[in-house]
Amino acid sequence: MAHYDTLSLTVDDDRIAQLTLDRPEALNALNSAMMAEFAAALVEATQSGARALILTGKGRAFAAGADIAEMRDRTFGSMSDANHLALWERLADLPIPTIGAINGFALGGGCEIAMMCDILIAGESASFGLPEITLGIIPGIGGTQRLTRIVGKAQAMDLILTGRRIDADEARRLGLISRVVVDGEVVEQAQVIARQIAGSSARAVRAAKECVLRADQSSLSEGLLFERRWFHSLFAFDDQTEGMTAFLEKRPARFADA
Ligand SMILES: C/C=C/C(=O)SCCNC(=O)CCNC(=O)[C@H](O)C(C)(C)COP(=O)(O)OP(=O)(O)OC[C@H]1O[C@@H](n2cnc3c(N)ncnc32)[C@H](O)[C@@H]1OP(=O)(O)O
């Protein structure tokens with residue numbers, strides 16, 4: 001793995017990649033250096049053959065948002081000419097499942113990149129929020145769009161216009177995250193999920209991810225057709241025969257690339 005200054009990347013023997021944001025002294029505030037390294041690390045993780053990626057933060061925050069010190073003196077020209085923040089979107093485009101393991105604060109841009117993950121689990125004392133409004137700006141890494149799709153207009157307006165923070169239980173009730181676990185066990189629980197995914201058929205996992213993501217972006221009839229076509233396609237591969245044979249023979253399936 002390459003050396004990174006603002007994050008670390010590991011890939012274990014089960015082909016689980018773990019990307020850890022690593023600027024704990026600034027609560028993992030997202031700066032330009034981290035954004036560039038993040039994009040490079042995603043490429044490296046994918047090219048390593050990883051089957052799932054866990055995203056977490058070192059210390060008492062997942063990430064407390066974009067780096068305010070770095071942003072304060074930016075101008076419209078420097079932000080728009082560089083299409084600033086666009087690189088974070090690479091996370092949403094990753095072909096393998098992503099699991100956000102949220103410890104502590106996930107605020108502003110931190111909450112926004114968390115919402116890009118496919119599965120989100122959080123420690124009991126994690127907190128989420130989009131406080132950008134208090135800084136005279138708005139979310140810029142997809143926060144208005146993703147939050148509205150996840151929780152609906154009224155809840156999104158409440159959270160974005162007030163900038164209020166919510167705890168892990170409220171985040172789960174609203175549908176932002178799927179599981180709340182004991183603080184300190186967040187990464188461990190993410191690894192359990194990741195290993196389960198890594199033991200499944202890679203093609204079926206990819207198909208499932210593409211279909212779920214399509215649900216957000218297509219009409220119901222287009223999404224249904226897309227799902228049915230993917231379903232048909234999986235019968236072209238040995239994993240389907242192996243999975244069904246294993247069930248009938250009452251043994252665990254042995255998928256080719258698991
Ligand atoms: C498109 C996206 C836009 C955005 O994301 S804009 C940013 C949105 N985020 C925020 O507004 C949150 C800013 N941070 C905070 O409100 C607080 O922090 C917390 C509530 C998260 C934690 O408060 P406490 O426990 O008192 O810690 P502390 O002393 O404030 O923070 C420790 C160090 O971390 C730095 N830091 C925290 N968040 C950021 C940030 N977003 N950008 C730059 N630095 C940050 C602080 O300044 C400080 O540093 P030092 O020890 O040198 O004083």
Side-chain angles (χ1 to χ4, degrees), residues 4-8 19-39 42 55-93 98 100-117 120 122-151 155-171 174 176-177 180 183-184 186:
Y4 299 98
D5 291 325
T6 63
L7 53 86
S8 65
L19 196 163
T20 307
L21 306 178
D22 190 0
R23 297 185 69 214
E25 69 288 353
L27 302 184
N28 300 321
L30 313 171
N31 64 9
S32 303
M34 186 190 276
M35 180 168 65
E37 291 194 337
F38 188 81
L42 292 183
L55 176 61
T56 192
K58 186 169 179 183
R60 63 190 181 96
F62 173 71
D67 192 312
I68 299 167
E70 185 188 68
M71 277 190 303
R72 187 188 58 180
D73 296 327
R74 288 286 177 99
T75 62
F76 168 71
S78 70
M79 293 299 248
S80 65
D81 291 352
N83 199 13
H84 190 59
L85 302 180
L87 275 182
W88 292 110
E89 207 56 39
R90 301 267 174 95
L91 176 62
D93 296 333
T98 52
I102 311 301
N103 48 304
F105 299 107
L107 300 178
C111 183
E112 296 179 81
I113 62 171
M115 285 191 289
M116 285 184 208
C117 292
L120 262 187
E124 289 162 327
S125 58
S127 68
F128 298 81
L130 294 174
E132 284 95 336
I133 204 85
T134 66
L135 300 168
I137 56 171
I138 62 169
I141 318 180
T144 63
Q145 301 305 298
R146 290 200 171 85
L147 188 66
T148 305
R149 282 173 164 76
I150 295 167
V151 304
Q155 295 286 0
M157 287 288 193
D158 179 356
L159 292 171
I160 292 166
L161 298 186
T162 67
R164 78 179 172 93
R165 271 188 247 159
I166 57 174
D167 64 18
D169 280 333
E170 186 171 357
L174 288 177
L176 222 66
I177 61 176
V180 180
D183 285 334
V186 185

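Indexing begins at 1, ligand by ligand and atom by atom, following the structure's order. Numbers for residues simply follow the sequence, beginning at 1.
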Heavy atoms, side chains only, cut-off 4.5 Å: are [X] and [Y] in contact?
| X | Y | value |
| --- | --- | --- |
| Leu120 | Ile102 | yes |
| Thr6 | Asn28 | no |
| Phe38 | Trp88 | yes |

Quick one: ligand 1 N/O to protein N/O pairs below 3.5 Å?
from, atom 1, to, atom 2, distance (Å)
ligand 1, 5 (O), Ala66, N, 2.7
ligand 1, 5 (O), Gly109, N, 2.8
ligand 1, 9 (N), Ala64, O, 3.0
ligand 1, 25 (O), Arg60, NH1, 2.9
ligand 1, 25 (O), Arg60, NH2, 3.1
ligand 1, 27 (O), Arg60, NH2, 3.0
ligand 1, 41 (N), Ala64, O, 3.0
ligand 1, 41 (N), Ala66, O, 3.0
ligand 1, 42 (N), Ile68, N, 2.9

Listed partners of Asp5 passing side chain to side chain donor-acceptor pair (under 3.5 Å), at least two apart: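 Asp5: side chain to side chain donor-acceptor pair (under 3.5 Å) contacts with His3.
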
Leu135 atom CG: more than 12 heavy-atom contacts under 6.0 Å: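 More than 12 within 6.0 Å, yes.
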
Separation between SG of Cys111 and CG of Leu130, rounded to the nearest 0.5 Å: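 CG of Leu130 is found 4.5 Å from SG of Cys111.
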
